[in-house]
Amino acid sequence: MIKMSKMHKRVLAAPLALAAALPAQAQTTATEKAPELQTVTVTAQRRTENIREVPVSVTALKGDKLDVLVSGGDDIRLLAGKVPSLNVESSNGRTFPRFYIRGYGNTDFNTFASQPVSLVYDDVVQENPILKGFPIFDLASVEVLRGPQGTLFGRNTPAGVVKFESEKPKLGKSEGYVNASYATHTTANAEGAVNIPLNDKWAMRVSATGQHRDDYVKNYSDVAMTRKRGELDGYNEHAERIQVLYSPGSSFNALLNVHQRQTQGSARLFRANLIQKGSNKVVPGYDLDSIVTNADNFQSLKSNGANLRLSWDLGSVRLFSVTGFEHVSDYYSRGDIDGGTPGGPGFIPFQVQTGGYITNLDQWSQEFRIESQNSGPLNWQTGLYFFDEDATGGSDNFNDAGARTSRLVSNQKNEAWAAFASVNYTISPAWTVRGGVRYTKDEKDFATLVNENVAQIGPRSVATSQDKINWDLSATYKLNDAVNVYGRVATGFRAPSIAAASAAVPITVADSETITSYELGLKADLFERRARTSFSIYDYTVKDQQLTVVGGNSNVNRLINADKTKGKGAEFDFEAAVSTALRVSAGASYNYTQIRDGSLSVNKCAQCTVTDPVNAAGRVVIDGNALPQAPRWTLNATARYGVPFADGELYFFTDWSYRSKINFFLYEATEFTGAPLTEGGVRLGYIFGGGKYEVAAFGRNVLDQRRITGAIDFNNLTGFTNEPRQWGIQVKGNF
């Protein structure tokens with residue numbers, strides 16, 4: 001039985017009262033004719049279902065919303081705050097993104113890091129963080145599933161899943177689109193796709209994107225800024241995807257997907273003494289269009305992959321096979337970690353230049369799944385899953401002259417397999433129950449291959465093995481034809497993680513972590529389907545949570561386990577067609593997290609103002625702190641107003657997101673608390689030619705609110721910021 005706090009009871013009461021009054025209210029308010037909202041379908045339970053019927057807190061981004069977000073050429077971090085309880089950040093720029101759902105994530109920048117949020121692209125899990133940044137283009141939808149999803153999704157999903165689905169080839173229809181934009185800092189983006197029906201059984205879809213930004217940040221070699229060395233913060237990236245569909249009839253189809261990505265540009269720009277001492281603000285007068293650094297700064301990535309999805313309709317059951325392969329042949333990111341030169345800016349105790357890389361990564365995955373297609377009350381699905389990863393990578397350190405002073409190379413092999421099953425049963429027209437179970441066995445072998453000028457402390461290799469049974473149980477009750485309420489309890493599991501050795505730190509292993517989550521929610525179509533809303537409250541406990549200790553007194557990271565972490569909160573989604581001209585949406589989340597382990601302490605930073613207790617050993621006690629990168633509040637809203645004009649439609653679109661303050665690290669310090677951030681976008685466009693063509697002017701981060709979004713804590717008050725304001729134009733054409 002779910003135990004609700006007083007806060008949960010109060011928060012849930014209002015939506016329930018609203019739901020009870022909906023039928024009568026809809027009859028009295030729906031007096032003007034307005035278009036209905038289209039039904040949103042999701043695959044959160046591995047079946048295509050109406051989002052209202054799914055007993056999971058899920059948000060789907062599709063159509064105009066998704067197109068507007070990517071118009072400025074941003075990478076996958078643009079999703080941060082755009083749906084309730086989701087945060088995305090990276091200390092590596094456009095690569096190596098880190099995801100957080102309900103405050104639960106992982107700040108680990110280790111090459112072999114695992115994350116409790118799983119990213120699934122076209123039914124294939126992208127396990128290593130370097131795979132998670134594949135560009136967003138030609139997508140049918142993005143779904144964010146909150147809470148443990150361990151029963152039906154194959155890898156590390158105790159916090160949730162971010163799920164991408166590409167547009168698929170279509171039989172018998174030649175179509176396509178082109179989309180190009182040009183914006184501030186010579187930011188140019190081009191995207192397009194073409195659907196080619198080869199005959200009545202075969203079709204192909206070719207999609208591509210290219211992104212460019214000039215190196216607009218000036219780089220000087222000394223504090224006086226009298227000698228220019230170059231310019232930074234630009235990028236060149238392109239990605240392509242070819243899909244081939246074979247569908248000889250309704251009983252079988254095969255979809256082959258081949259894709260690749262290449263990225264070159266600047267690594268993250270760390271800025272020495274960016275943070276004003278005693279505050280979390282940028283130092284007054286600090287020029288964010290220039291930097292003072294004496295290190296090489298660059299980033300490159302090459303990756304490719306393929307997947308094959310097969311399905312057979314056998315009448316009473318449907319059989320699925322998903323085979324995936326992902327490969328990274330080159331990844332290197334090098335930058336100035338101290339963020340300056342021996343002369344500054346400000347006081348820099350010592351110089352640090354590092355490079356992180358992957359020389360080879362191969363990931364194989366295979367899933368077989370069978371689902372029933374019964375017309376009766378009972379339906380089920382079951383399957384087997386296998387995962388194999390072999391990754392080699394490491395880190396380098398350099399002196400002021402740019403010569404390598406040390407190198408560490410490691411290899412990790414990871415195998416996992418699982419068996420799973422899920423059952424849905426309709427007890428009555430009002431009641432449906434669902435339950436699932438999954439058995440997972442996970443094995444890792446880790447070894448140091450090269451330790452050049454790095455003393456290896458402890459063993460050169462370690463191995464871990466863990467198995468676990470996870471389960472979930474939910475029930476959905478229809479208050480009426482438009483309103484559902486649901487309850488869900490679910491467990492999740494993340495296998496042990498391993499971090500490479502470094503100077504004075506041995507290979508560290510974090511034990512497996514587990515989560516138990518309770519959730520209550522309401523989903524409703526309002527006012528004769530002119531609006532829809534969802535609301536959920538949750539409470540979770542993570543045992544033995546894997547945490548990453550970074551910096552303190554050296555540029556290293558190591559893994560630890562916290563005895564317990566608590567999380568609780570609420571989430572809200574709303575969308576409405578107010579009239580034929582105006583559509584609005586809004587979302588909000590409240591996420592409270594707390595580390596509960598009185599025995600945990602970490603090294604403190606060199607120059608910051610620590611606000612946590614410090615023990616007798618001079619270490620910071622983190623018991624009671626919120627998790628890193630976990631804002632208490634996030635808000636988002638959009639509005640679109642369109643009117644007929646000439647032979648087309650003139651429209652205005654705006655989108656806004658807000659997050660409250662965040663901690664950058666496990667300990668709390670005045671300087672390393674990210675200030676609240678509000679980002680907004682505007683768009684004025686004209687659609688013509690029967691909806692085939694569009695031209696628009698847009699702005700991103702229109703308030704030009706610059707905030708410190710991350711930091712390095714071991715040396716000086718070094719940080720990095722969000723993206724600047726951008727203005728641009730965009731043209732689109734469909735054919």
Can you tell me if [X] and [Y] form a side-chain donor-acceptor pair at under 3.5 Å?
X	Y	answer
S85	N591	yes
T548	N106	yes
E513	Y104	yes
Q726	N701	no
T359	T392	no
E679	S657	no
T514	K468	no
D655	N636	no

Considering residues at least two apart in sequence or located in another chain, which fulfil the side chain to side chain contact (heavy atoms under 4.5 Å, CB included) criterion with V682?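 Partners of V682 under the side chain to side chain contact (heavy atoms under 4.5 Å, CB included) test: F652, T654, V702, W727.
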
For Q264, what residues pass the side chain to side chain contact (heavy atoms under 4.5 Å, CB included) criterion, not counting sequence neighbours?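 S300.
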
As an exercise, state the distance from [atom1] of [X] to [atom2] of [Y], rounded to the nearest 0.5 Å.
X	Y	atom1	atom2	answer
F574	S585	CZ	OG	9.5 Å
L131	I358	CG	CD1	7.5 Å
D108	S497	CG	OG	7.5 Å
N253	D313	CG	CG	9.5 Å
L319	R369	CG	CZ	9.5 Å

Of all the heavy-atom pairs spanning [X] and [Y], show the shortest one and how long it is.
X	Y	answer
F720	S90	CE1-O, 3.8 Å
I101	A159	CG2-O, 3.5 Å
R438	L152	NH1-C, 3.7 Å
F735	A193	CZ-O, 4.0 Å
Q299	S333	NE2-OG, 2.9 Å
G147	Q149	O-NE2, 2.9 Å

Does the pair [X]/[Y] count as a salt bridge with the N-to-O cut at 4.0 Å?
X	Y	value
E175	K170	yes
R659	E89	no
D123	R309	yes
K732	E694	yes
R146	D573	yes
E575	R532	yes

Set out, in order, the CA-CA distance, both residues' side-chain angles and the distance that settles salt bridge (charged side-chain N to carboxylate O under 4.0 Å, His left out) for R434 and E49, then state yes or no. CA-CA 14 Å; R434 307 187 186 207; E49 298 175 281; 2.8 Å; yes

Could you walk me through whether D525 and R52 pass the salt bridge (charged side-chain N to carboxylate O under 4.0 Å, His left out) test, one step at a time? CA-CA 8 Å; D525 292 332; R52 196 185 72 230; 2.5 Å; yes

With heavy-atom distances below 4.5 Å as the criterion, would you say the side chains of T95 and R261 are in contact?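 A side-chain contact under 4.5 Å exists here.
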
As a quick check of understanding, evaluate side chain to side chain donor-acceptor pair (under 3.5 Å) for E519 and Y540, giving each step before the final call. CA-CA 9 Å; E519 182 177 319; Y540 67 75; over 6 Å; no

Derivation of the side chain to side chain donor-acceptor pair (under 3.5 Å) call for T476 and N484: CA-CA 7 Å; T476 303; N484 289 355; 5.9 Å; no

Test ring-ring contact (aromatic ring centres under 6.0 Å, His included) applied to H259 and F134, step by step: CA-CA 10 Å; H259 51 272; F134 196 80; 5.6 Å; yes

Determine, step by step, whether S372 and N379 satisfy the side chain to side chain donor-acceptor pair (under 3.5 Å) criterion, reporting the C-alpha distance in whole Å, the side-chain angles of both residues, the deciding distance to 0.1 Å, and the verdict. CA-CA 6 Å; S372 66; N379 271 288; 2.7 Å; yes

Per the salt bridge (charged side-chain N to carboxylate O under 4.0 Å, His left out) rule, which among R268, R213, R94 passes with E723?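 Of the listed options, the one satisfying the test is R213.
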
Yes or no on side chain to side chain donor-acceptor pair (under 3.5 Å) for E237 and T263, after CA distance, side-chain angles and deciding distance? CA-CA 4 Å; E237 180 168 70; T263 300; 2.3 Å; yes

Atom pairs and distances, side-chain donor-acceptor, residues 382-390, under 3.5 Å, sequence neighbours left out:
| residue | atom | partner | partner atom | Å |
| --- | --- | --- | --- | --- |
| T382 | OG1 | F420 | O | 2.7 |
| D390 | OD1 | N411 | ND2 | 2.9 |

Within 45° of the axis and under 6.0 Å from the centre of the six-membered ring of Y538, does NZ or CZ of R102 qualify?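 Output yes; distance and angle both within limits.
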
Go through it in stages, so that I can follow the logic: the residues are N257 and V124, the test is side chain to side chain contact (heavy atoms under 4.5 Å, CB included), and I'd like the CA-CA distance, side-chain angles, deciding distance and then a yes or no. CA-CA 11 Å; N257 176 320; V124 176; over 6 Å; no

Derivation of the side chain to side chain contact (heavy atoms under 4.5 Å, CB included) call for T107 and Y100: CA-CA 9 Å; T107 59; Y100 307 79; 3.3 Å; yes

